[in-house]
Amino acid sequence: MKKIEMKNPVVEMDGDEMTRVIWKWIKDILILPYVDLKTEYYDLGLKNRDITDDRVTVESAEATKKYGVAVKCATITPNAQRVEEYGLKEMWKSPNGTIRAILDGTVFRTPILVKGIDPYIPTWTKPITIARHAYGDIYKNTEARVKKGSKAELVITDEDGVETRKLIHDFTDTDGIVQGVHNTDKSIASFARSCFSFALERGETLWFAAKDTISKTYDHRFKDIFAEIFENEYKEKFAEAGIEYFYTLIDDVVARVIRSEGGFIWACKNYDGDVMSDMLATAYGSLGLMTSVLVSPSGAYEYEAAHGTVTRHYYQYLEGKKESTNPIATIFAWTGALRKRGELDGTPELCDFADKLERASVKTMEDGIMDKNLSLLSKLENKKIVYSEEFLHEIKERLDRMM
Ligand code: NAP
Ligand code: MG
């Protein structure tokens with residue numbers, strides 16, 4: 001069989017631990033036999049981030065801007081224990097945080113639906129994609145405890161040095177707490193554009209919610225920016241695509257999400273997205289089946305699995321024990337990137353390959369073949385628990401039948 005040609009490379013960001021092991025297996029077993037793979041390789045494994053003083057992370061993000069498509073393996077975000085374990089020069093920042101800051105992007109998470117793994121909400125027959133505005137609000141706050149008898153004010157000094165003051169609270173009879181938060185029109189607008197573009201790409205309606213009835217300036221600004229951008233830049237394209245943009249209050253949207261059948265994109269402010277993404281991941285069943293893509297407003301895409309490096313399984317693997325890790329979300333990171341590359345380059349064979357590999361992956365699980373964690377959730381009658389490498393060979397068998 002002739003291998004599928006690629007015109008342009010995808011940026012490949014290698015990672016850590018169990019996912020790094022699976023990364024290589026996926027390439028060797030499921031991609032390289034079929035695709036004449038072109039990648040620009042960056043090793044984001046913790047050791048190499050340390051050797052390069054984390055420049056490799058910045059370079060991989062710059063390359064993503066240049067080529068437009070990246071696929072990323074899960075990486076360790078070091079804490080004190082990791083600094084010791086790897087003898088690091090520094091407690092390097094989260095690679096995902098660094099890449100997101102450079103691409104100014106929004107992360108969209110979509111679950112993979114598989115027969116036998118039923119969402120906790122029985123009406124959810126389609127995936128709900130959640131987008132989190134990952135800038136500002138309480139994640140960049142300034143806060144303080146306040147002594148009784150103090151007065152807290154909001155002071156804004158403009159560029160001419162003119163001060164505007166607003167009373168936050170007079171703590172006349174008790175101690176208390178205060179918090180200052182901010183966001184920027186620029187970041188909110190970027191977020192809005194990423195969401196509108198992604199909704200068009202998926203052909204799905206976009207929901208956005210805030211609490212503008214209570215927060216009449218702050219949250220209202222989010223609502224207004226979304227409305228202005230929609231009106232001026234996306235309204236007609238949405239009408240042509242037969243999809244809608246819909247704004248409502250955050251508490252109303254929660255009720256609607258639960259009653260829905262899925263099949264839409266839910267844009268969330270930073271805190272709402274933090275909380276609701278965990279709720280959705282759990283309700284859909286498994287972290288091993290959650291995909292993630294970072295979309296920049298300039299149209300660059302970085303695909304990854306939502307889960308981490310699966311440390312516990314890695315240490316089992318190092319001891320020579322066979323581990324049962326689900327490779328599906330990492331496979332879907334690859335298929336997402338290859339399909340996007342195919343769309344951008346006008347190479348439909350590459351898109352077709354990505355579709356087939358996804359179908360083969362889902363078929364494998366629907367045939368009852370899965371990792372241990374998924375088998376605990378699956379309602380299928382006949383299940384076979386496989387180790388990671390066997391899982392990939394089972395997928396390959398089904399893929400070969402489709403090719
Ligand atoms: P994790 O790697 O997602 O794993 C948490 C647990 O979830 C695992 O121990 C395993 O449960 C289960 N699990 C996750 N993915 C699975 C899969 N594909 N197949 C089967 N089971 C799976 O999260 P963590 O243990 O909190 O973090 C480990 C490392 O990953 C940390 O160093 C963290 O910094 C990093 N991390 C990276 C990213 C990223 O790069 N995007 C995201 C999150 C975390 P059992 O142990 O019960 O089998
Ligand atoms: Mg969270």
Side-chain angles (χ1 to χ4, degrees), residues 6-16 19-20 23-24 27 31 35 37-78 86 88-109 131-136 139-140 184 186-195 197-198 201 291-306 308-309 330 333-347 350:
M6 287 177 71
K7 279 193 191 154
N8 290 296
V10 298
V11 175
E12 175 183 356
M13 303 170 177
D14 208 343
D16 288 300
T19 41
R20 186 181 181 99
W23 190 259
K24 181 160 188 317
K27 282 171 62 181
I31 299 176
V35 180
L37 188 66
K38 272 193 192 158
T39 71
E40 186 157 308
Y41 180 85
Y42 292 86
D43 183 1
L44 266 56
L46 187 49
K47 223 189 270 169
N48 194 47
R49 276 182 274 151
D50 197 50
I51 291 169
T52 62
D53 294 333
D54 209 20
R55 276 193 311 278
V56 66
T57 308
V58 173
E59 285 163 7
S60 72
E62 296 295 349
T64 305
K65 271 191 182 167
K66 179 174 166 196
Y67 293 108
V69 186
V71 56
K72 180 179 170 291
C73 181
T75 46
I76 293 169
T77 298
Y86 283 78
L88 300 179
K89 297 181 214 162
E90 242 181 71
M91 201 187 290
W92 305 109
K93 282 196 259 174
S94 149
N96 284 31
T98 302
I99 295 166
R100 200 165 53 215
I102 292 170
L103 294 178
D104 182 25
T106 298
V107 173
F108 296 85
R109 287 179 152 205
R132 171 179 174 187
H133 179 218
Y135 177 81
Y139 302 85
K140 280 222 186 284
T184 66
K186 185 166 171 251
S187 175
I188 298 166
S190 273
F191 175 55
R193 288 196 177 92
S194 292
C195 291
S197 302
F198 196 71
E201 171 167 336
T291 66
S292 177
V293 56
L294 175 72
V295 181
S296 82
S298 66
Y301 291 74
E302 182 236 287
Y303 295 84
E304 65 170 340
T309 59
T330 307
W334 274 101
T335 53
L338 292 177
R339 184 186 296 107
K340 177 53 73 183
R341 187 75 275 164
E343 283 168 15
L344 294 176
D345 293 353
T347 46
L350 200 55

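Values reported hereafter were calculated over all heavy atoms of this structure, with side chains retained and with hydrogens, waters and symmetry mates removed. Throughout, residue positions are numbered sequentially from 1 according to the sequence presented.
With respect to the salt-bridge test (charged N to carboxylate O, under 4.0 angstrom), the residues Asp53 and Lys89 qualify. With salt bridges taken as basic N to acidic carboxylate O contacts below 4.0 Å, one links Asp16 and Arg49. Ion pairing between Glu40 and Lys66 fails under the 4.0 Å rule for side-chain N and carboxylate O.
Residues that satisfy the side-chain hydrogen bond (donor to acceptor under 3.5 Å, both in side chains) test with Thr291, not counting sequence neighbours, are absent from this structure. Under the side-chain hydrogen bond (donor to acceptor under 3.5 Å, both in side chains) criterion, Asn48 pairs with no residue at all, not counting sequence neighbours. Residues passing the side-chain contact (heavy atoms from CB on, under 4.5 Å) test with Ser190, sequence neighbours excluded: Asp104, Pro297. For Asp14, the side-chain contact (heavy atoms from CB on, under 4.5 Å) partners are Arg20, Trp23, Tyr41, Asp43, Cys73, not counting sequence neighbours. With sequence neighbours left out, the salt bridge (Lys or Arg N to Asp or Glu O under 4.0 Å) criterion links Glu62 to no other residue. Applying the side-chain hydrogen bond (donor to acceptor under 3.5 Å, both in side chains) test to Arg193 and every residue at least two apart in sequence or in another chain returns Glu233.
Although no hydrogens or angles enter the test, the distance criterion places no donor-acceptor pair under 3.5 Å between the side chain of Lys340 and the main chain of Val69. Side chain of Ser94 to backbone of Gly97: a donor-acceptor contact under 3.5 angstrom is found. The backbone N or O of Leu88 sits nowhere less than 3.5 Å from a side-chain atom of Asp50 that would complete a donor-acceptor pair.
The aromatic rings of His133 and Tyr135 are tilted relative to each other, their planes meeting at an angle between 30° and 60°.
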